[in-house]
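Worth knowing before you read on, the calculation uses all heavy atoms, side chains too, and leaves out hydrogens, waters and symmetry mates.
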Amino acid sequence: MATVTPVPHQLAERVLIISFDGLMPGAIGKAPMTELITLMENSAYSLSAQTILPSSTLPSHTSMLTGLCPAKHGVYWNDYVPENGYALGVNVFDLAHAAGLRTVMVVGKEKLRQIVRPESTDVFIYKEADSSIGNVAAREIKDGFDLMFVHFPGGDISGHEWGWMGGVQMYSFREEDKYLAQILAALDESGLRPGTLIIVTADHGGYGHSHGGELPQETTIPWIVSGPGVIPGPLTSFIQTTDTAATAAYMLGLPLPAEWDGIPVYEAFGEPTPLHIPAICLQTR
């Protein structure tokens with residue numbers, strides 16, 4: 001049974017987490033992803049955040065949403081294997097759903113279903129095309145949400161086929177940037193933007209035509225947060241992907257499980273970071 005910290009005060013009305021699969025920090029400017037660059041102007045951000053080992057899609061996204069290193073959530077596989085069940089531990093969607101919040105996941109890879117149990121998602125939609133994901137996410141925003149996760153797979157797919165940081169992958173990221181613009185426009189049109197904390201990040205980078213190892217190109221990811229209480233500018237604290245779940249829960253006023261390895265990125269809100277020795281997830285079994 002997970003133990004939790006006392007419930008803090010809710011600081012954001014809702015949280016939107018967007019993951020660009022395979023996005024290396026350097027690709028943001030090289031593509032260029034002009035919408036994301038504009039968002040960063042009013043964001044707190046790190047271009048040296050770290051993912052986990054193995055730096056692969058399913059384990060990394062699991063750590064992103066559970067706040068746990070793989071040694072605790074148990075997801076080391078990277079394919080859709082229903083017989084393996086779901087990630088261990090309490091994730092941010094479990095917390096949000098238990099609090100009566102509307103939870104939505106729109107993903108581009110079916111295997112991400114194994115992160116969160118169906119009973120903790122009010123809406124779970126799997127679409128393969130980035131354009132479909134953008135359309136569905138915009139529609140769900142207009143229907144209202146409290147916690148939403150959106151995953152774009154195109155950059156990772158093109159990286160595997162054509163190579164990381166190559167022209168084809170940059171084109172994919174430019175296209176995904178257009179769907180980011182669509183999502184932000186939906187927030188604006190619905191009047192939800194002011195109360196929404198937006199976290200934009202990635203699960204891993206890549207090298208050559210692959211990823212999963214411990215090279216800096218594979219493990220370094222962007223981490224960008226915009227919205228209520230955020231003080232724009234570069235972040236200096238150590239940030240890893242498990243901090244995404246913790247920051248989302250903290251801003252929604254949800255209790256933080258003591259078992260979580262991630263902590264809220266307090267620096268982004270001008271708050272002192274408690275003395276904490278992070279559990280570094282850059283280790284294999």
Quick check against the 3.5 Å criterion: does [X] have a side-chain atom that pairs as donor or acceptor with the backbone of [Y]?
| X | Y | result |
| --- | --- | --- |
| Glu218 | Gly213 | yes |
| Thr220 | Gln217 | no |
| Trp260 | Val90 | yes |
| Asn78 | Ser56 | no |
| Lys30 | Met170 | no |
| Gln169 | Gly155 | yes |
| Arg193 | Leu187 | no |
| Thr103 | Asp122 | yes |

Side-chain H-bond candidate by donor/acceptor type, [X] with [Y], under 3.5 Å:
| X | Y | answer |
| --- | --- | --- |
| Asp203 | Thr57 | yes |
| Ser120 | Asp94 | yes |
| Gln50 | Thr219 | yes |
| His73 | Ser63 | yes |
| Ser237 | Thr273 | no |

Does any non-hydrogen side-chain atom of [Y] lie less than 4.5 Å from one of [X]?
| X | Y | value |
| --- | --- | --- |
| Ile133 | Pro153 | yes |
| Arg113 | Thr121 | yes |
| Asp21 | His61 | yes |
| Val265 | Val225 | no |

Could you give the distance from [atom1] ([X]) to [atom2] ([Y]), rounded to the nearest 0.5 Å?
| X | Y | atom1 | atom2 | answer |
| --- | --- | --- | --- | --- |
| Ile18 | Ile199 | CD1 | CD1 | 10.0 Å |
| Thr242 | Leu65 | OG1 | CG | 11.5 Å |
| Ile239 | Ile263 | CD1 | CD1 | 9.5 Å |
| Asn135 | Asp130 | CG | CG | 11.0 Å |

Besides Tyr86, the hydrophobic cluster formed by Ile, Leu, Val, Met, Phe, Trp and Tyr side chains linked at under 4.5 Å, directly or via other members, contains none
Return yes when atom [atom1] of [X] has more than 12 non-hydrogen atoms of other residues, nucleotides or ligands closer than 6.0 Å, and no otherwise.
| X | atom1 | value |
| --- | --- | --- |
| Lys127 | NZ | no |
| Glu110 | CD | yes |
| Tyr207 | OH | no |

Going by the rule ring-ring contact (aromatic ring centres under 6.0 Å, His included), which residues pair with Trp164 if we only count those two or more places apart in sequence or in a different chain? His160, His211
With ring-ring contact (aromatic ring centres under 6.0 Å, His included) as the rule and sequence neighbours excluded, what pairs involving residues 93-148 come up? none
Apply side chain to side chain contact (heavy atoms under 4.5 Å, CB included) to residues Ile231 and Phe269 and explain how you reach the verdict. CA-CA 6 Å; Ile231 298 176; Phe269 310 100; 6.0 Å; no
